[in-house]
Amino acid sequence: MKKTILYEMKNLYRDDMRVTGYQFGEGEKSVCVVGSTRGNEIQQLFTCGLLVKTLKKIEKAGLINDGKSIMVIPSINTSSMNIEKRFWPTDNTDINRMFPGYALGETTQRIAGGVFEKINDYKYGIQFASFFMSGRFLPHVRMMMTENTSIEDAKKFGLQYIVKRNPRPFDTTTLNYNWQVWGTKAFSVYTHETANLDENSAMIGVYAVLNFLSQTGIINYSMHRGYNSSVINADEMYDIQTPIAGIFQPLCEVGDSVSKGQVISKIIDPYEGKTLAEIKAPEYGNVFFMNNKQLVYTNQILFKLTDDYTIIRKAENSEQ
Amino acid sequence: MIKVASVNLPIDEELVIKKERIVPLNPTGNEKRISIVTGTHGDELEGQYICYELNRRIKNNPECLKGIVDIYPALNPLGIDSITRGIPAFDLDMNRIFPGSENGIMADYLAHKIVEDIKGSALCVDIHASNIFLMEIPQIRINELTKDELVPLAKMMNVNFIWVHSAATVLESTLAYSLNDIGTPTLVVEMGVGMRITKSYGNQLVDGILNTMKELGMWTGEVNKVCESIVSYDEDFEVNFINASSAGVFIPATKHWGKLKKGDYVGDIVDPLTGEILDKITSPCDGILFTLREYPICDEGSLIARILERDDEI
């Protein structure tokens, strides 16, 4: 393992910010794994830490294939993490909206540019990412469909789901999108949490990366292959919104299978404790995402359900 | 007051986006409408004075009004009330969610209602106030895709500077892009600095709005003479950026909207701990300084100034 400082920015009164990379193996730049880009991505950082710990052992055992190298960057935003702020401490900009960056530009453009210059020529890029809505996910691989994406490669993570979606205007400045523009096959891996730790799903994230490294011949490490992933389109998931604002009381968990018509949450009147709305599952599905904020706003997305049970729905419809 | 949109918040509070409509004394039913909007970013307050002053001047001379004036002082009321640039609790920049959607999350719904309400105006003026870091000369920024229609309108607005910039994908989710896209001409004004009111700039823009209304046949009152705007197109490579070469405290040594020669002194970035000058900043070109850093603390890369390159007399 080689620990190197990939980028450094001097501060006025705080310690300099260092972006540290851990390199395993020597040779072709095979895969780069990036953890937190935002200050609240504790789970993403933690997952990278576990991955570093595991890769050290794998390297020591001589299981990294010759001519392959792996880079792990646990965080590119320690300045925000250390003060518990999601975005950049001074101007509140998002480093993950600054790629490919610009060396002569503004602060976060420089950080993005300085880091990207070091990682834009890897064959594969993996980012432990977080969603703009706060909540818990089933572990999955998320990919923006561009010319350079491959579902077959995404299946090598062995996660239960692959979510594909088309890039939107604001995606064009993310790390994932720019990796793809530069010819890197890029994937975002989501585990359960962001600001809170969930060790089990962090380990699922680590195994998913190891599976990918094994399936692509970067490490010589045989392991359980995981799932034969289901590919789902982000637009085809059921977004379940609350019709009314109030206190959110979930009645199911991420990963649960729910039936059509099942009450999966209640919205409670904050003053009088009565139920303002019962939220029912519109279809059979698995709870793929669940909001984790207690106060919810009108039309807020509470759940995303996968469309796994189309066959049941079709059967029921044909009976009617 | 007219409610443009309203939603209930979780605990005993209604969020309302309000507008004031001023109509002529004797409406014909065929009036043009101008929409003045501001407060998308809760830390930009220059538009507050403009809304007040425009209201005041029109209401003092109601007989001169020949069109409909809609004034939206706070598109993001929660942001303004909590000194938050984005939408509180959503961590969203409101100017990145347009045109929104009727069935979307609260922010999307509000964006949708705002666009629906402004749609059809003869002109919309979206007033921004930079951010807390930078002081901007009154200027209008125009996406090059819409320059043919908007530059002539912008020239009526009494701004010092019109900046036609190249199209950026990320800007497709702004209010101005969404409105221009559906055929409602929308000008984006940037002026002053965040969290403050620069009264002289406010008066200048109110003069410009009334002048534009007069040109559009919506106002018959007296208007003050407007200035001639400098128009800059991106392809001329006319705007030079100065970014901080190191973290420190910026002490300006030049005045805003001042003429500079190449090599002229712009300011210093200093280290108060050691008394050192970390960077002595000079102008990279002959020109006029239209953006100047107002907030002293800089990171490496923080924007210090923008200079419009000019070699002629201004």
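Lettering follows sequence order; numbering is per chain, from 1.
- Heavy atoms from other residues, nucleotides or ligands lying under 6.0 Å from CG of B/L145 number more than 12.
- A distance of 7.5 Å separates OH of A/Y102 from CG of B/N243, quoted to the nearest 0.5 Å.
- Contacts of B/A244 with chain A are made by backbone atoms alone, with heavy-atom separations under 4.5 Å and no side-chain atom involved.
- Taking OH of A/Y297 as the reference point, atom CD1 of B/I87 lies at 10.5 Å (rounded to 0.5 Å).
- A/L104 touches chain B through its backbone: at least one of N, CA, C or O sits under 4.5 Å from a heavy atom, while the side chain does not.
- When heavy atoms are compared at a cutoff of 4.5 Å, A/R97 does not approach chain B at all.
- With A/N299 contributing its side chain and B/M106 its backbone, the two residues share no donor-acceptor pair below 3.5 Å.
- Between A/T242 atom OG1 and B/I105 atom CD1 the span is 13.0 Å, to the nearest 0.5 Å.
- At most 12 heavy atoms of other shown residues, nucleotides or ligands fall within 6.0 angstrom of atom OH in A/Y177.
- B/E13 does not touch chain A: none of its heavy atoms, backbone or side chain, sits under 4.5 Å away.
- Counting heavy atoms from C-beta on, the side chains of B/Y109 and A/T298 never come closer than 4.5 Å.
- Of the two parts of B/D108, neither the backbone nor the side chain holds a non-hydrogen atom closer than 4.5 Å to a non-hydrogen atom of chain A.
- Under a cut-off of 6.0 angstrom, the local environment of CD in A/E84 is sparse, with at most 12 non-hydrogen atoms contributed by other residues, nucleotides or ligands.
- Nearest heavy atoms, A/L12 versus B/D271: CD1-OD1, 4.1 Å.
- Both the backbone and the side chain of B/S302 come within less than 4.5 Å of a heavy atom of chain A.
- Heavy atoms of B/F241 lying under 4.5 Å from chain A are absent altogether.
- Within a 6.0 Å sphere centred on NZ of A/K85, heavy atoms belonging to other residues, nucleotides or ligands number more than 12.
- The two atoms that bring B/P10 and A/P270 nearest to each other are O-CG, 3.3 Å, heavy atoms only.
- Interface remark: of the candidates A/K293, A/K10, A/R110, A/Q109, A/R110 forms the most heavy-atom pairs closer than 4.5 Å to chain B.
- In this structure, no portion of A/D239 lies under 4.5 Å from any heavy atom of chain B.
- Among B/V7, B/L9, B/I11, B/V249, the residue with the largest count of heavy-atom pairs under 4.5 Å with chain A is B/I11.
- Put simply, CG on B/D299 and CG on A/D91 are 7.0 Å apart, with the number rounded to the nearest 0.5 Å.
- More than 12 heavy-atom neighbours from other residues, nucleotides or ligands sit within 6.0 angstrom of CZ on A/R165.
- Contact count versus chain A (heavy atoms, under 4.5 Å) is highest, among B/P272, B/G104, B/S245, B/C298, for B/G104.
- Of the inter-residue distances, the one linking B/N131 atom CG with A/T93 atom OG1 reads 10.5 Å to the nearest 0.5 angstrom.
- Here B/E300 contributes atom CD and A/M17 contributes atom CE; the two are 10.5 Å apart, rounded to the nearest 0.5 Å.
- In this structure, A/Q241 contributes its side chain and B/N103 its backbone to a donor-acceptor pair below 3.5 Å.
- In this structure, the portion of A/Y13 lying under 4.5 Å from any heavy atom of chain B is its side chain and not its backbone.
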